[in-house]
Amino acid sequence: MERVLITGAAGFLGSHLCDKFLNEGFEVIGMDNFITGSVKNIAHLSGHPHFKFIEHDVTQYIDIDEKLDYVLHFASPASPIDYLRIPIQTLKVGSLGTHNVLGLAKAKNARVLIASTSEVYGDPLVHPQAEEYYGNVNPIGPRGVYDEAKRFQEAMTMAYHNFHGVDTRIVRIFNTYGPRMRLNDGRVIPAFMGQILRGEDLTVFGDGSQTRSFCYIDDQVEGIYKLLFSDYHLPVNIGNPEEISILDFAKEIIALTNGKSKIVFKDLPVNDPMQRCPDISKAKNILGWEPKIDRKTGMQQTFAYFQSLTDEELYDTQYKNFDKYIKK
Ligand code: NAD
Ligand code: UDP
């Protein structure tokens, strides 16, 4: 059996990737330090004969005895409020963590796929965003800790590819959603759905004219899987190009869930990108991939997941793990 190490395994994307690789017949080693993830996301894998979990902070040297065929590096806070609360950990996991992951892949002669992001394009000046666009990032703004860590991560990955000949892949992930997102992670879908379930008003930031394009988790996982098994080492956008303004999206979610909530407007966060939509020509042409799940279906499945949470989870608006793992 081939073996894959997945960092960030207890997170939203990482846990779905663990499921995918186990279903495809791989041995999976999941690694996480639970700073933004949850043991609940991988609890169903406990006792699985081909799954092993290691609690570890990837910014520290990664020691794996077994042979590895693939490494998927997904460890990193991903939500703006997460990386604003833990900015230094965010910079470290994108830089030191990526260095460790690439060093491990080199030592094991494994293929490595790195999770990058549409945030490398910053608040983009071209639209939609194709991989050739260099981006418009404010390095010292609040989002800089995430954006620059991810840009460094891409540079480091290309250096390991070009200098050491490591077999690398880079996926630029656009807003992805689905079951196992943390309800209180501040991202727009859990935020709006949590507000509906608690009977609160929906908080639209700014005037809501900023746009996003939302990709369902199953489509995202399929795109990542295809990229890993392609022979293309330059970055590839994976996302859903169907774009919507945040205000229309809030109305859509209220209608879809028969919610009674109203919409209230709050300040737009600093450097919040005004437009985001992937150009997925490369994914279509090189990987033969495009998203299949429409927003209505994906949202219904996601809402059903949030409805299944306990009251304690629904009202846990302060994420306890931050206090547990952060030493000031
Ligand atoms: P998430 O917060 O649910 O998962 C991240 C996981 O990484 C968590 O389980 C967390 O505990 C773990 N982690 C963080 N720092 C770590 C460290 N130092 N050592 C070990 N584990 C650590 O977020 P997600 O949405 O699943 O994002 C996963 C990856 O995908 C991230 O790299 C993120 O940048 C990227 N990404 C996600 C999206 C999206 O829309 N979900 C978009 C762009 C990029
Ligand atoms: N947003 C909002 N209300 C919320 C949370 C987010 O209007 O309660 C907006 C946010 O300002 C951004 C968009 O929704 O324009 C997507 O935010 P998210 O945090 O999900 O991710 P981003 O794409 O900004 O990284």
Side-chain angles (χ1 to χ4, degrees), residues 6-17 30-39 41-42 54-60 62 72-84 86 89-98 100-101 114-120 123 143 146-147 149-150 153 171-178 180-182 185-195 200-215 217 220 224 237-239 244-247 249-250 263-276 319 321-322 325:
I6 301 179
T7 76
F12 163 53
L13 271 159
S15 64
H16 284 280
L17 286 164
M31 180 171 283
D32 205 291
N33 69 349
F34 296 116
I35 197 162
T36 61
S38 166
V39 75
N41 290 338
I42 45 169
I54 303 174
E55 183 169 347
H56 182 69
D57 176 347
V58 299
T59 67
Q60 308 292 323
I62 307 169
L72 272 64
H73 182 34
F74 279 70
S76 169
S79 143
I81 65 158
D82 283 353
Y83 53 78
L84 293 180
I86 45 173
Q89 285 82 357
T90 303
L91 280 157
K92 283 171 75 176
V93 72
S95 53
L96 306 180
T98 302
N100 287 337
V101 162
I114 301 287
S116 185
T117 166
S118 51
E119 281 284 321
V120 300
D123 189 3
R143 298 172 89 104
Y146 181 69
D147 301 7
K150 291 289 185 180
Q153 182 183 56
V171 56
R172 288 188 182 152
I173 300 168
F174 282 64
N175 296 63
T176 298
Y177 71 97
R180 301 189 197 151
M181 293 186 95
R182 217 175 72 233
D185 84 356
R187 285 186 271 193
V188 68
I189 293 174
F192 286 171
M193 290 191 173
Q195 287 161 345
E200 298 167 2
D201 293 337
L202 265 60
T203 51
V204 166
F205 297 161
D207 62 6
S209 61
Q210 71 273 29
T211 68
R212 293 294 185 273
S213 322
F214 297 103
C215 182
I217 181 69
Q220 183 62 246
I224 291 167
N237 292 338
I238 299 285
I244 185 168
S245 77
I246 294 298
L247 181 57
F249 187 52
I263 290 172
V264 293
F265 294 90
K266 301 262 178 184
D267 289 346
L268 188 69
V270 176
N271 295 147
D272 197 285
M274 287 313 292
Q275 251 190 326
R276 185 183 290 152
Y319 190 57
N321 280 14
F322 286 130
Y325 288 98

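Counting starts at 1 for both ligands and their atoms, in listed order. FYI, the numbering just counts along the sequence from 1.
Counting atoms of ligand 1 from 1 in the listed order, those under 4.0 Å from a heavy atom of G8 are 6 (C), 7 (O), 12 (C). Of all the atoms in ligand 2, the ones that sit under 4.0 Å from a non-hydrogen atom of R276 are 22 (P), 23 (O), 25 (O). Atoms of ligand 2 lying under 4.0 Å from any heavy atom of I246, numbered from 1 in the order shown and given with element: 7 (O), 13 (C), 14 (O). For ligand 1, the atoms closer than 4.0 angstrom to any heavy atom of F34 are 11 (O). The contact set between ligand 2 and A191, taken as ligand atoms under 4.0 Å from a residue heavy atom, comprises 8 (O). The atoms of ligand 1 that sit less than 4.0 Å from any heavy atom of S116 are 44 (C). In summary, the atoms of ligand 2 found under 4.0 Å from a heavy atom of Q210, numbered by their order in the structure, are 9 (C), 11 (O), 15 (O). Atoms of ligand 2 found under 4.0 Å from any heavy atom of P269, numbered from 1 in the order shown, are 11 (O). Listed by number with element, the atoms of ligand 2 under 4.0 Å from a non-hydrogen atom of V204 are 7 (O).
Ranked by closest heavy atom to atom 17 (O) of ligand 2, the top entry among I189, V188, V264 is V188. For atom 16 (C) of ligand 2, the choice among E119, R212, R143 with the nearest heavy atom turns out to be R212. Looking at F74, Y146, F214, it is Y146 that brings a heavy atom closest to atom 33 (C) of ligand 1. By heavy-atom distance, the residue among K92, K150, R172 lying nearest atom 32 (O) of ligand 1 is K150. The closest heavy-atom contact to atom 10 (C) of ligand 1, among the options T36, L72, I173, I217, comes from T36. Scanning A78, G11, G37 for the heavy atom closest to atom 27 (O) of ligand 1 points to A78.
For I62 against M31, the heavy-atom pair with the smallest separation is CG2-CE, 3.7 Å. Nearest approach of Q60 to H56, heavy atoms of both residues: O-NE2, 3.1 Å. Here the closest non-hydrogen pair linking I246 and V204 is CG2-CG1, 4.3 Å. For L268 against F205, the heavy-atom pair with the smallest separation is CD1-O, 3.8 Å. Considering every non-hydrogen atom in both S15 and I42, the closest pair reads CB-CG2, 4.1 Å. Heavy atoms only, all atoms of each residue included: P77 and D82 are closest at CB-CB, 4.0 Å.
Checked against a 3.5 angstrom limit, the closest N/O atoms of R187 and ligand 2 fall outside it. Between D82 and ligand 1, no pair of N/O atoms sits closer than 3.5 Å. For a threshold of 3.5 Å applied to N or O pairs, the pair formed by G14 and ligand 1 contains no separation below that value. Polar contact check, Q195 against ligand 2: no nitrogen or oxygen pair lies under 3.5 Å apart. Here's the thing with F205: one of its N/O atoms is less than 3.5 angstrom from an N/O atom of ligand 2. Ligand 2 has no nitrogen or oxygen under 3.5 angstrom from a nitrogen or oxygen of Y83.
For the pair F74 and I224, the minimum side-chain heavy-atom distance is below 4.5 Å. Counting heavy atoms from C-beta outward, T98 and I114 have side chains that approach closer than 4.5 Å. In this structure the side chain of P80 reaches within 4.5 angstrom of the side chain of R187, judged on heavy atoms. Two residues are said to be in side-chain contact when any heavy atoms from C-beta on lie closer than 4.5 Å; T117 and R172 fail this criterion. Counting only heavy atoms from C-beta outward, the side chains of N100 and V58 never approach each other to under 4.5 Å. At a threshold of 4.5 Å between non-hydrogen side-chain atoms, the residues V120 and D147 do not count as touching. No side-chain heavy atom of L202 sits under 4.5 Å from any side-chain heavy atom of V264. Using a 4.5 Å cut-off on side-chain heavy atoms (C-beta onward), I217 and F12 make contact.
Looking only at heavy atoms of the protein, atom 39 (C) of ligand 1 is closest to R187 NH1, 3.4 Å. At the shortest separation from atom 3 (O) of ligand 1 among protein heavy atoms lies F12 N, 2.9 Å. Closest to atom 37 (C) of ligand 1, if we only count protein heavy atoms, is L13 CD1, 3.5 Å. In this structure, atom 11 (O) of ligand 2 lies nearest to the protein heavy atom D272 OD2, 2.7 Å.
A heavy-atom separation below 4.0 Å is found between F192 and ligand 2. Contact between T7 and ligand 1 is absent, with no heavy atom of the residue lying under 4.0 Å from the ligand. Not a single heavy atom of A9 sits less than 4.0 Å from an atom of ligand 1. Taking a 4.0 Å cut-off on heavy atoms, Q89 fails to register as neighbouring ligand 1. At least one heavy atom of P80 sits less than 4.0 Å from an atom of ligand 2. Using a 4.0 Å heavy-atom cutoff, M31 is absent from the residues neighbouring ligand 1. Note on ligand 1: G97 sits outside its first shell, no heavy atom being nearer than 4.0 Å. Put simply, no part of Y177 is less than 4.0 Å from ligand 1, judged by heavy atoms.
A salt bridge links R212 and D272; the closest N-O separation between the charged side-chain nitrogens and carboxylate oxygens is under 4.0 Å. The pair R143-E119 meets the salt-bridge criterion, with a side-chain N (NZ, NE, NH1 or NH2) lying under 4.0 Å from an Asp/Glu carboxylate O.
Looking at N175 against ligand 2, only its side chain comes within 4.0 Å, counting heavy atoms. With a 4.0 Å cut-off on non-hydrogen atoms, S79 does not touch ligand 2 at all. With a heavy-atom cut-off of 4.0 Å, T203 touches ligand 2 through backbone and side chain alike.
Separating the OG1 atom in T203 from the CG atom in D267 is a distance of 11.5 Å, to the nearest 0.5 Å.
No donor-acceptor contact under 3.5 angstrom links the side chains of Q210 and S245, judged on distance only.
In terms of modelled atom types and a separation under 3.5 Å, the side chain of N175 and the main chain of S213 share no donor-acceptor contact.
A distance below 6.0 Å separates the ring centres of F214 and F249.
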